[in-house]
Amino acid sequence: MDLELLPISPTWLLLAVLAVLFYLYAVRPLGYFKRRGIPESPIPALPIIGTFYSILFSGFYNTKYTASDMGKVMGLLNGMNPLIMIHDEEMLRDIFVKQFHSFTNRQPAFQILNVKPMTRMVFQLLNEDWKNVRTTISPAFSGSKLKQM
């Protein structure tokens, strides 16, 4: 195929394709929570880095926003990964006690550190490993045991 027959320069065509790909993979995910009807964070999300930049500039213990400002459920973007932050005690109890089997993998596999002893932490485990450890440590966090502490 002769490229001179195209009415548009290949450079402009490549730029148009790159712009569409940038929109699909960097800008469109910013509306993830809006499309699902979940309230978004008051911290505006940026393409590719999401709301993670606020942690970089103000630290993990940011006093600018409190849980009461955010609402009971809120969506954040950690880079390109959607996170749901829940502040409702009843909903948390329901998730952690009654429906824990549905929430095995809390992080994408590429974010998990492959360094011992971090590979055996509850937050790093996946699938059956997580279920086995969760079943083992659950009795340690019963209501009576927590009251004894």
Side-chain angles (χ1 to χ4, degrees), residues 1-138 140-141:
M1 183 171 125
D2 190 11
L3 292 178
E4 292 182 17
L5 297 177
L6 291 175
I8 301 173
S9 166
T11 305
W12 290 110
L13 189 61
L14 181 62
L15 282 173
V17 169
L18 288 175
V20 168
L21 289 175
F22 181 77
Y23 172 77
L24 288 175
Y25 291 103
V27 177
R28 188 168 185 268
L30 298 179
Y32 180 86
F33 296 110
K34 186 177 277 187
R35 287 190 300 273
R36 286 162 177 77
I38 299 171
E40 295 181 282
S41 164
I43 304 165
L46 298 176
I48 301 172
I49 59 173
T51 54
F52 185 69
Y53 70 92
S54 68
I55 294 171
L56 293 175
F57 295 127
S58 60
F60 282 105
Y61 303 106
N62 184 356
T63 58
K64 183 175 180 181
Y65 300 105
T66 61
S68 60
D69 296 337
M70 307 278 188
K72 292 184 177 186
V73 177
M74 177 187 64
L76 294 166
L77 285 171
N78 181 18
M80 299 297 287
N81 301 317
L83 303 172
I84 296 178
M85 188 177 295
I86 301 171
H87 299 287
D88 184 24
E89 292 178 21
E90 292 299 319
M91 191 182 299
L92 286 171
R93 185 175 294 119
D94 189 45
I95 290 170
F96 287 139
V97 176
K98 297 176 186 172
Q99 298 178 0
F100 78 92
H101 60 278
S102 301
F103 296 94
T104 55
N105 301 334
R106 288 164 304 286
Q107 294 188 66
F110 65 85
Q111 283 188 342
I112 293 180
L113 301 173
N114 196 12
V115 178
K116 289 185 179 180
M118 304 225 16
T119 55
R120 299 304 300 163
M121 289 174 46
V122 177
F123 292 111
Q124 297 286 323
L125 294 174
L126 299 173
N127 302 324
E128 289 301 316
D129 289 335
W130 179 83
K131 287 182 181 180
N132 293 336
V133 171
R134 170 68 161 78
T135 306
T136 304
I137 65 172
S138 289
F141 296 101

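Atoms considered below: every heavy atom in the structure, side chains included; atoms not considered: hydrogens, waters and symmetry mates.
- The shortest side-chain heavy-atom distance between D88 and V73 does not fall under the 4.5 Å cut-off.
- Side-chain contact between F33 and I84: present, with at least one pair of heavy atoms (C-beta onward) separated by less than 4.5 Å.
- At least one donor-acceptor pair under 3.5 Å links the side chain of N132 to the backbone N or O of E128.
- Closest of all the heavy-atom pairs between S41 and L76 is CB-CD2, 3.3 Å.
- A donor-acceptor pair is defined here as one N or O able to donate and one able to accept, closer than 3.5 Å; such a pair exists between the side chain of T51 and the backbone of L77.
- Interatomic distance, CG of L83 versus CD1 of I86, reported as 11.0 Å (0.5 Å rounding).
- A distance of 7.0 Å separates CG of L15 from OG1 of T11, quoted to the nearest 0.5 Å.
- Within 6.0 Å of CD on E89 lie no more than 12 heavy atoms contributed by other residues, nucleotides or ligands.
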| task | Begin from the C-alpha positions of N81 and Y32 and carry the test side-chain contact (heavy atoms from CB on, under 4.5 Å) through to its verdict. | result | CA-CA 10 Å; N81 301 317; Y32 180 86; over 6 Å; no
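- Closest approach of P29 and M80 over heavy atoms only: CG-CE, 3.6 Å.
- R28 places a side-chain heavy atom less than 4.5 Å from the side chain of R35.
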